[in-house]
Amino acid sequence: MRLSPVILTVVIASLAYNTPPEMAFSRLLPAAPALAGAMWPILPTILLGTVCLLLMIGLSLVFPDLGTWWTAAGIVAVTVAAAYGSHVRLQRERTLFQVRLVADAAQQVVLSPMPRRIGNVEIESLYLAAAAEARIGGDFYEGVDTPYGVRLLIGDVRGKGLPAVGAAAAIVNAFREAAYGERDLVDVARRLDASSTRYNAAFPPEGPMERFATALLVEIPHRGNRIDILNCGHPPPLLLHQGRLRILETAAPSPLLSLAELIGDDYTVDTFDLSPGDLLLLYTDGIAETRARDGEFFPLAAWMRRQPPTPPRDLLGALHRDLVRHSRGRLDDDIAALAVRLGEHPDTAGTLPQTQPGEPEKSPDGDVEKR
């Protein structure tokens, strides 16, 4: 692609030399510097225009009746215009580069790199912004190691692109503090709601719609094969246990962030069994709502059911690939996902569970605790 102006010049000059003068292929020479201005810097564009002008003068010596001066004037005019267009394009590319640097810095604040392993918990993350030029949107996630266990957060601010970044940052920053300081997930959720409400009061959204966010809080204790989930209007996580898929639905919905004052702050924490080797997928609605060209949604549950036991990194790699394939590379919403796999605890790794002969296996059904 970078050499296409040179190739075009050679092709036009060859046709002009090897065809009758009446066909006048030489009049196409101004197209070469015009093409160069779209992809080359200023100086190479001018040099190519000069080469085309010299070629035109050389052709006029072989074919005197080509209308050399008209074509030469066209080459000069197009070369000057192409050089100016190249200058404008380079300025815009530099501006876009600076914007992307700012977006990358914002992404590092909102979505800091997560450790791939916390204790015996493997974690992998995936983020795709619908606004590709912004490279960040309203989806967010975080994971921290606390005295109460590994705590995870994933959520989605209403809207996408840069306007939702500030609200997402307020929620994530509040989680980073509350996850360490609050013993109960309910108190963590109340801290997130308060932070989101304060941010919306300080920076009200444009338009009549309120700004709110869905969120999913997860706690995996350091010991014990269980998982606690507090769901604030977020899509339920998927658990793959020994080839069987389970959707971890909540017994009662908790209020969305920044809406607790309107509908009450009655939060529910659900407890489920989690065994070593289980794969847990946390995701935002952008994944389940990814559409094909015919309007069909991405079949996330069916896709998850087909996945073999695999590390979280490979699971999200396959998810990314299949999402792009399903949507033909056209994502309409921000996408975030966390894949989690529980490993053997260091104290119990390499030992077999003690069971009595004929004792049935424990079912993965969960208990519900309201707070």
Side-chain angles (χ1 to χ4, degrees), residues 121 123-127 138-143 149-158 168 171 175 185-186 188-189 192-193 212-221 225-257 259-260 263 265-275 277-291 297-307 312 315-316 318-319 322-323 333-342 363-371:
V121 178
I123 306 173
E124 192 67 35
S125 61
L126 171 68
Y127 188 88
D139 290 10
F140 54 89
Y141 56 77
E142 184 59 288
V150 177
R151 285 180 168 176
L152 305 173
L153 168 71
I154 190 169
D156 181 8
V157 176
R158 189 189 69 84
I171 296 171
F175 173 76
L185 277 183
V186 170
V188 176
L192 301 188
D193 182 87
F212 56 86
T214 66
L216 184 75
L217 290 167
V218 175
E219 179 179 297
I220 305 175
N225 297 334
R226 67 179 177 86
I227 179 175
D228 295 333
I229 294 178
L230 192 154
N231 193 332
C232 299
H234 199 75
L238 304 179
L239 177 65
L240 195 61
H241 171 74
Q242 297 181 355
R244 293 176 296 174
L245 180 68
R246 186 179 181 197
I247 302 176
L248 304 184
E249 297 278 4
T250 58
S254 299
L256 279 67
L257 299 185
L259 296 183
I263 61 178
D265 61 349
D266 186 14
Y267 293 96
T268 301
V269 176
D270 300 89
T271 301
F272 303 92
D273 290 339
L274 186 67
S275 303
D278 287 355
L279 271 173
L280 181 69
L281 180 65
L282 317 178
Y283 60 95
T284 57
D285 57 4
I287 292 180
E289 296 177 0
T290 297
R291 293 176 181 264
F297 289 111
F298 182 74
L300 180 60
W303 178 89
M304 185 71 175
R305 191 175 288 110
R306 295 192 303 266
Q307 300 309 304
L315 179 73
L316 291 188
L319 178 62
D322 291 341
L323 282 173
D333 198 1
D334 302 326
I335 285 175
L338 293 177
V340 181
R341 184 170 68 174
L342 180 65
S363 65
D365 293 335
D367 302 325
V368 178
E369 177 185 358
K370 289 188 178 181
R371 305 178 184 178

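Quick caveat: nothing in here was measured; it's all calculated off a predicted structure.
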Only residue of L279, I227, V340, L274 satisfying side chain to side chain contact (heavy atoms under 4.5 Å, CB included) with L239 is L274

Considering residues at least two apart in sequence or located in another chain, which fulfil the salt bridge (Lys or Arg N to Asp or Glu O under 4.0 Å) criterion with D285? none

When rounded to the nearest 0.5 Å, the distance separating CE of M304 from CG of L315 is 5.0 Å

Sub-3.5 Å donor-acceptor pair from the side chain of Y283 to the main-chain atoms of P236, do we have one? yes

All side-chain hydrogen bond (donor to acceptor under 3.5 Å, both in side chains) counterparts of T284, not counting sequence neighbours: D139

Once you round to the nearest 0.5 Å, how far does CG of L323 lie from OG1 of T290? 5.0 Å

Yes or no on side-chain contact (heavy atoms from CB on, under 4.5 Å) for R291 and F297, after CA distance, side-chain angles and deciding distance? CA-CA 5 Å; R291 293 176 181 264; F297 289 111; 3.0 Å; yes

Between I123 and V150, is any pair of side-chain heavy atoms under 4.5 Å apart? yes

Could you walk me through whether L338 and S125 pass the side-chain contact (heavy atoms from CB on, under 4.5 Å) check? CA-CA 5 Å; L338 293 177; S125 61; 3.6 Å; yes

Point-to-point distance, once rounded to the nearest 0.5 Å, from CD of Q307 to CG of L238: 11.0 Å

Would you say the side-chain atoms of T271 pair up with the backbone N or O of D228, donor to acceptor, closer than 3.5 Å? no

Is there a donor-acceptor pair closer than 3.5 Å between any side-chain N or O of D265 and the backbone N or O of P255? no

Nearest 0.5 Å, what's the OH-CG distance between Y141 and L126? 7.5 Å

side-chain contact (heavy atoms from CB on, under 4.5 Å) involving N225 - partner list, sequence neighbours excluded: P276, L342

CD1 (I287) and CG (D322) are apart, to the nearest 0.5 Å, by 11.5 Å

Nearest 0.5 Å, what's the CG-CG distance between L230 and L192? 9.5 Å

